[in-house]
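What follows is a single structure, written as structure tokens, with notes after it.
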Amino acid sequence: MVNAEHSVHGGAAAAGAAGAARPGFGAARAVLWLVAAVLAVRQATAVLRQPPGERLTDLETWIGDNGVLHVSGSLYDTGRFTGTPFAGLVLKPLARSAEQSLGIAWTLGTLLLVVALGLVAARALPGRVSRRTGLLAAPVTISLLMLSLPVRNSFHLGQTSIIPVLLVLLGCFAVRGERGSGLLVGIGAALQPAVLLFAPLLWLTGRKKAAVTSAGTFAACTALAWAAMPGDSWAYWIHHVAGAGLGERPDSLANQSLHGALLRLGLAGPLEIVLFLVLAAAVVTAGLRRAVRYARDGQLLLAVALTGCAAIAVSPTAWQHQLLWVLLALVGRVGTRARDRLVWPAVVVLVMTLPGKMLLPNIAPLHPVRDNILLIAALAAACAVPFLARASPYFERPVPTEYARPVPARWSRVPLLPFWRRLLGRPNLLLELLAIRVGYSVYSHIRLAATGGREAAEEHGRQVISVERALGIDIEHWINHAVVKARWAESFFNFYYTSFHFLVPLTILGVLYVRRPADYRWARSSLGFATVLALIGFWFYPLAPPRLMPGMGFIDTVHGPQDLTNPDYGALTALTNQYAAMPSLHFGWSLWCGLVIVVLAPRLWMKLLGLLHPLFTVCAIVATANHWVLDAAGGAAVVGAGFGLTYLLAGPRRLLPRAVTRADPFPRGRSAPPEDRAVETARQVPAGPSGPTGPPGPSG
């Protein structure tokens, strides 16, 4: 199987040699390798800059007096070491090293292991991979590994979880001969027992010698550890049931296995054990059947990844640093249409690089999904995701994406990004929801980090007051106190301020997604640009709102009285940045809603109704003392800039009708660019037995 896989790559390498020589390929490759190097240096530096007691914390089992490592006593006395006794036996040669030198050597060694893992995985890509793709795949794979949660945890904790994954990949793709392959897989299983699931995979794919050798190697290594460390072996295999009772509590969020998920759901005792065994048997059966099918199809890397995902699920404990198999599963191809090909890779990358809190909102019904997101991804890969077979006509050539054509722009340089084309159909809903949620999470983190300090915020507040007085628009104090005197107005504006900030924009995006997908992309992009520009304002110009300006006499109608002598202002500061007032996204987002409704609504009464939302919002933010009038002006500025950037980069919002798109995409005497003329010419060439003889149309 390995030789066949290598022969495919060898033939493809010669076929792709011409592609590798295209202009710009060398520069792109150099940039990708530079990104991988920067990420590697950053990860190593982040570990080495930590104090000795805060880095490589899982190796503290070995640390003795004066920072020198020791081997006396049990491996499991401290409860931090969760590896097998054989792993402890392998670590014993390090007992003569000092802790400081071990930290440097261990970090650099882990770095080299990650690079080796990325190189092996890039060479094992399934299908007819060109030399160009193969060369670019290596730095991309290494970069993704460096960003992944398992690798980051392995660096910080000082774990050996990368070694079993690398041993399995070397055994399946680098070593020639079944005995050598089985030897590496067996050593990996001795370090991490769940890896023993690869022995059935080897047997079922016809590599019976490798399967027997791997099982024998695992037994020999385990027996060696029993002979050298009988007490630790008894503690690990018998007392702790193959390590199930080591480390953190098995029901903690760190344990992303079926056993841990069942415990978090409240099950315990014999019922939980029986249910776990039944589910584990089902996952192993389904995962191995799918892995064997894809291995026989020539997608051995995908088969290895699926087997690893099944091993994660059925292991009693699967800590975060052991979940690299999920990342390898992104090599599978899902979807018959080109526009759907990025869905599975995007989901895997997001799940493997971001915590669950950034992927799903803090809503109680979603907590079981959020807390087990890594396990769900592993189960989906092993048992459910419909990866394409290489025999499928869509494996190499998915259904091309049909793009819309905008009307000609007023300036010849627009759009600045001609490849940014809008699709005629709806974008993938899962990707859109993930993009919105992750984008808002990043926005919240940056906004919270851009504090700037209380003194600077109050000084900027005094600057804003001075400008408003010079312009004669310092009306905040008068409106605030007038609303407080009218209880109905205070209640209305408090309700409006707290209720419609997210509801109205999300509703508009939802309606556009269903009814006008092309306009949805335009509206979503302009809102995203406006939000990013607002973050720049929060970062460089922290501004205290009227309610937090001491001595001004403003009344905080929404949050209640604030203790201005306390720099933290109570628990409220921990939830949001109190000095992110300029520009006002409360007003900016409402203005975006009003403009979108005015542009797209079919009836006049709808347009007028849409304008009421920014009007009520600007009254609410001033009346409740949460923003200055100039904050609203700043919000309007970033929204206008957001629409402007969308126009400059992607072209006008309006699209040509389909009939015009196919017949004359550039009316009024404008000629199409050369590449567009080639596409239009290809559409007019009669199709022969093998299809059109001209250049192919645009594809996704």
Side-chain angles (χ1 to χ4, degrees), residues 1-9 84 86-87 116-117 120-121 123-127 161-224 242 280-315 318 322-329 331-332 378 381-383 387 389-390:
M1 186 182 301
V2 177
N3 293 338
E5 191 80 17
H6 283 184
S7 66
V8 170
H9 286 287
T84 63
F86 178 75
L117 183 62
V120 175
R123 291 192 58 191
L125 290 175
S161 55
I162 298 175
I163 299 176
V165 180
L166 180 59
L167 289 175
V168 171
L169 292 185
L170 289 174
C172 292
F173 299 104
V175 175
R176 298 185 180 274
E178 294 192 20
R179 295 190 183 278
S181 176
L183 180 65
L184 293 178
V185 174
I187 296 175
L191 295 173
Q192 190 175 320
V195 173
L196 195 60
L197 189 61
F198 284 93
L201 176 67
L202 294 172
W203 182 277
L204 294 173
T205 53
R207 306 179 69 186
K208 296 184 178 180
K209 289 184 179 180
V212 173
T213 304
S214 62
T217 303
F218 167 77
C221 292
T222 304
L224 178 62
V283 170
V284 168
T285 301
L288 281 179
R289 289 184 62 181
R290 284 162 52 88
V292 170
R293 182 166 72 248
Y294 290 116
R296 291 173 177 170
D297 185 55
Q299 302 185 66
L300 184 56
L301 180 58
L302 178 59
V304 169
L306 299 189
T307 306
C309 290
I312 291 170
V314 303
S315 177
Q322 299 172 338
L323 304 180
L324 269 177
W325 302 108
V326 181
L327 186 61
L328 296 179
V331 299
C383 304
F387 299 107
R390 292 177 62 189

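Heavy-atom basis, side chains included; hydrogens, waters and symmetry copies ignored.
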So, for [X] and [Y], which heavy atoms are closest and what is the spacing to 0.1 Å?
X: Gly171; Y: Leu184; answer: N-CD1, 3.7 Å
X: Leu196; Y: Ala189; answer: N-CB, 3.6 Å
X: Lys208; Y: Glu178; answer: N-OE1, 3.7 Å
X: Thr84; Y: Ala190; answer: OG1-O, 2.7 Å
X: Val331; Y: Leu125; answer: CG1-CD2, 3.9 Å
X: Leu197; Y: Ala311; answer: CD2-N, 3.7 Å

Flag, side chain of [X] to backbone of [Y], donor-acceptor distance under 3.5 Å:
X: Gln192; Y: Pro164; value: no
X: Arg290; Y: Ala381; value: yes
X: Ser181; Y: Val175; value: no
X: Ser214; Y: Ala211; value: yes
X: Tyr294; Y: Phe387; value: yes

Kindly compute the distance separating [atom1] ([X]) from [atom2] ([Y]), expressed to the nearest 0.5 Å.
X: Phe86; Y: Leu224; atom1: CZ; atom2: CG; answer: 6.5 Å
X: Gln299; Y: Arg293; atom1: CD; atom2: CZ; answer: 10.5 Å
X: Thr205; Y: Leu201; atom1: OG1; atom2: CG; answer: 5.0 Å

[Y] and [X], any side-chain heavy atoms less than 4.5 Å apart:
X: Trp325; Y: Val165; result: yes
X: Ser161; Y: Leu324; result: no
X: Leu191; Y: Leu167; result: yes

Enumerate donor-acceptor pairs with a distance under 3.5 Å from any side-chain N or O in residues 300-308 to protein atoms, sequence neighbours excluded.
from   : atom 1 : to     : atom 2 : distance (Å)
Thr307 : OG1    : Ala303 : O      : 2.9

Inset, instruction - Please name all residues satisfying side-chain contact (heavy atoms from CB on, under 4.5 Å) with Val283, sequence neighbours left out, ordered by chain then number. - result: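 side-chain contact (heavy atoms from CB on, under 4.5 Å) list for Val283, sorted by chain: Leu258, Ala310, Ala313, Val314, Leu379, Cys383.
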